[in-house]
Amino acid sequence: MIGFDDICGYESVKEHMKNAIREKRPAHAYIISGPRYSGKKTLTQTFAAALLCEKGGESPCMECISCKQVVSGNHPDLINVIPTKTIAISINDIREQLIDTISIAPYKSNYKIYIIDEAETMHVEAQNSLLKTLEEPPEYAVIILTAASKQKLIPTVLSRCVNLDLRPLDEKQIIDYLMKKKQAVDYQARMAAAISGGNLGKAIKLVGDPEFMELQNSVLDLLVRVKDCEPAELMEMAKKISDNKQNLEDLFDIMLLWYSDVLLYKATADANSVRFTERVHDLRRASEQLNYDVVQNIIETIEKSKQRIAANVDTEIVLELLLFAMKG
C-alpha cells in the first residue's frame, strides 16, 4: 500500500478523495471504475487506509496500528465482500457479509468500510439487495465498489453512488514513471506506454515481460518481410498466430503502432519521432515501399480484423485476409 502522492496520475480522483478525508465527510457509496490493471485496488486501499488512519492525515501514515492492520488484511472495520460459492457475488454474499453486519458500529474507527471488488460480476439480485442500504446507510458506513465496466451495474446502483472514473493516463506520464520508478530503458518504456492505451498497470506488466518483448520482435520481423512471403507461408503464419489467441490484442496493437510509425516516418523522415527507434532502417525501407493510401488501407484492415474477431469470426481466416492485405 502507498500514499496518494506515490500514485501516478488520476489527479482529480485523488483530490476528491483527499478532500473527503480532510473534511471528514466521505460519501456513503463510491464506484471506482477503470479497466484491468488501471489501479482501482491501489486507490481504493489507499483511500480506505487514510480514512481509518489514526493520525488523520490526507494519506495513510503507514506507521499506526490501523495502517498496519489494513496492510495485513486484519482491520476490523475494513470488510472485503467476496464470493463464497461461485465466481460472482451472490445475493447471499451481500446479505451475510454486508447487510447483516452494517448496523454494527465500528470497533475502533470513525468509519466502517466495505469494499466490493469486481462489482460488475454481482448478480442482478445481489445489486438490487444493495439498494436500500445504499440509500439509507448508517452515518459511519462507506461502501466502495470497483468495476472494470460500470455499464454492467444497474442504473439504480449507479445513481446512488459517487462515480469516480479512472481515465487513460497521458503516454508521457507513463514513460516517465517507467523510466524513473521501474528503471526501464527509453525504448522499452515508449513501447510499453504506447501499447498500454494509457493503462499504467498494463504498461508495468509489459515492460518487464520477456514474452511480450519476444512477441514484439517476432511481429516486427513478420511485418518487415511480409511482402516477400509466399502465400503458403502466410497461411502457415496465420495458423500459428491463431493457435495463440491470448496474445492477439497485443499483436494487433503492435501492428497498428508499426504502420503508424511508417506513416510518421514518411511524413517527417525523423528517426526521433517514431516509437520503434531500434528499427529505423526497416521503417525507412517500408516508407519507401508503401504509399500513404496503402498504409492507411492496412491500418483500416487491422481495425476491421479486431472487430471481426470480437464478433467471433474464424480467427485463422481473419488473419489470412489481414496478412494477404499487408502483402498487397
Side-chain angles (χ1 to χ4, degrees), residues 1 4 16-33 40-147 150 153-154 156-164:
M1 190 179 65
F4 286 114
H16 180 102
M17 290 177 170
K18 287 193 281 189
N19 283 336
I21 296 162
R22 260 194 312 266
E23 297 171 9
K24 295 180 169 49
R25 293 184 61 187
H28 290 305
Y30 294 89
I31 295 171
I32 302 175
S33 62
K40 299 184 294 296
K41 290 185 179 180
T42 300
L43 273 167
T44 300
Q45 286 289 327
T46 301
F47 185 37
L51 287 171
L52 298 172
C53 179
E54 294 168 16
K55 293 192 176 179
E58 288 182 356
S59 270
C61 72
M62 303 301 293
E63 297 174 353
C64 70
I65 293 174
S66 282
C67 283
K68 291 176 180 177
Q69 286 179 319
V70 171
V71 171
S72 65
N74 293 314
H75 199 293
D77 298 322
L78 179 59
I79 299 96
N80 289 284
V81 179
I82 58 173
T84 54
K85 294 183 179 178
T86 64
I87 59 171
I89 295 171
S90 69
I91 187 171
N92 286 334
D93 293 326
I94 293 296
R95 284 174 177 165
E96 293 170 7
Q97 298 178 50
L98 192 153
I99 296 172
D100 292 348
T101 65
I102 200 167
S103 60
I104 302 171
Y107 287 96
K108 57 179 291 186
S109 310
N110 293 323
Y111 305 105
K112 189 172 188 179
I113 303 173
Y114 290 84
I115 296 175
I116 306 176
D117 279 328
E118 299 182 0
E120 73 274 23
T121 67
M122 280 193 292
H123 295 142
V124 172
E125 295 85 354
Q127 294 187 48
N128 280 318
S129 71
L130 261 181
L131 295 178
K132 182 172 173 49
T133 304
L134 291 175
E135 194 164 309
E136 299 175 358
E139 189 64 29
Y140 49 75
V142 179
I143 302 170
I144 306 174
L145 291 73
T146 72
K150 67 179 184 179
L153 296 170
I154 59 177
T156 42
V157 167
L158 290 170
S159 65
R160 286 164 170 77
C161 301
V162 172
N163 285 256
L164 300 176

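Since the model is a prediction, treat every value here as computed from it, not as a measurement.
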Taking side chain as C-beta onward, heavy atoms only, is Ile102 less than 4.5 Å from Ile79?
no

Looking at Gln127 and Met122, would you say the former's side chain and the latter's main chain have a donor-acceptor pair under 3.5 Å?
yes

If you define the side chain from C-beta out and look only at heavy atoms, does anything of Pro60 sit under 4.5 Å from Thr46?
yes

I need the minimum non-hydrogen distance between His28 and Pro138, along with the two atoms involved.
CE1-O, 3.6 Å

Asn163 vs Lys150 side-chain heavy atoms within contact, under 4.5 Å:
yes

Which heavy atom in Thr86 sits nearest to a heavy atom in Ala88, and how many Å separate them?
OG1-O, 2.8 Å

For Lys41, does the NZ atom sit with more than 12 other heavy atoms under 6.0 Å from it, leaving out its own atoms?
no

With side chains defined as the heavy atoms from C-beta onward, is the minimum distance between Glu96 and Thr84 less than 4.5 Å?
no

Backbone N/O of Pro76 and side chain of Lys108: donor-acceptor pair under 3.5 Å
no

Roughly how far, to the nearest 0.5 Å, is the OG1 atom of Thr146 from the CG atom of Leu164?
12.0 Å

If you look at every heavy atom in Ser66 and Cys53, which pair is closest and at what distance?
CB-CA, 4.4 Å

Would you say the side-chain atoms of Glu54 pair up with the backbone N or O of Cys64, donor to acceptor, closer than 3.5 Å?
no

Ser59 side chain vs Phe4 backbone, donor-acceptor pair below 3.5 Å
yes

Within 6.0 angstrom of Lys132 NZ, more than 12 heavy atoms from elsewhere
no

Any donor-acceptor pair under 3.5 Å linking the side chain of His123 with the backbone of Ile91?
no

Around atom CD1 of Ile87, are there more than 12 heavy atoms of other residues, nucleotides or ligands at under 6.0 Å?
no

Give the C-alpha distance, both sets of side-chain angles, the deciding distance and a yes or no for side chain to side chain contact (heavy atoms under 4.5 Å, CB included) between Ile104 and Lys112.
CA-CA 9 Å; Ile104 302 171; Lys112 189 172 188 179; 3.7 Å; yes

Can you see which heavy atom on Ile115 is nearest to which on Ala48, and at what distance?
CD1-CB, 4.4 Å

What pair of heavy atoms forms the shortest contact from Ile32 to Met17, and how long is it?
CD1-CE, 3.5 Å

Kindly indicate whether the side chain of Gln45, heavy atoms from C-beta on, has any atom under 4.5 Å from the side chain of Leu78.
yes

Quick one: does Asp77's side chain have a donor or acceptor within less than 3.5 Å of a partner on His75's backbone?
no

How many angstroms lie between atom CG of Asn92 and atom OG of Ser129, to the nearest 0.5 angstrom?
9.0 Å

Residues, nucleotides or ligands: over 12 heavy atoms within 6.0 Å of Ile99 CD1
yes

In terms of side-chain heavy atoms, does Thr101 have a donor or acceptor partner in Tyr114 at a distance below 3.5 Å?
yes

Could you check if a side-chain atom of Leu130 sits within less than 4.5 angstrom of a side-chain atom of Ile116, using non-hydrogen atoms only?
yes

Would you call Cys161 and Leu134 a side-chain contact if the rule is heavy atoms closer than 4.5 Å?
yes

Has Gln97 got a side-chain atom pairing as donor or acceptor with Ile82's backbone, closer than 3.5 angstrom?
yes

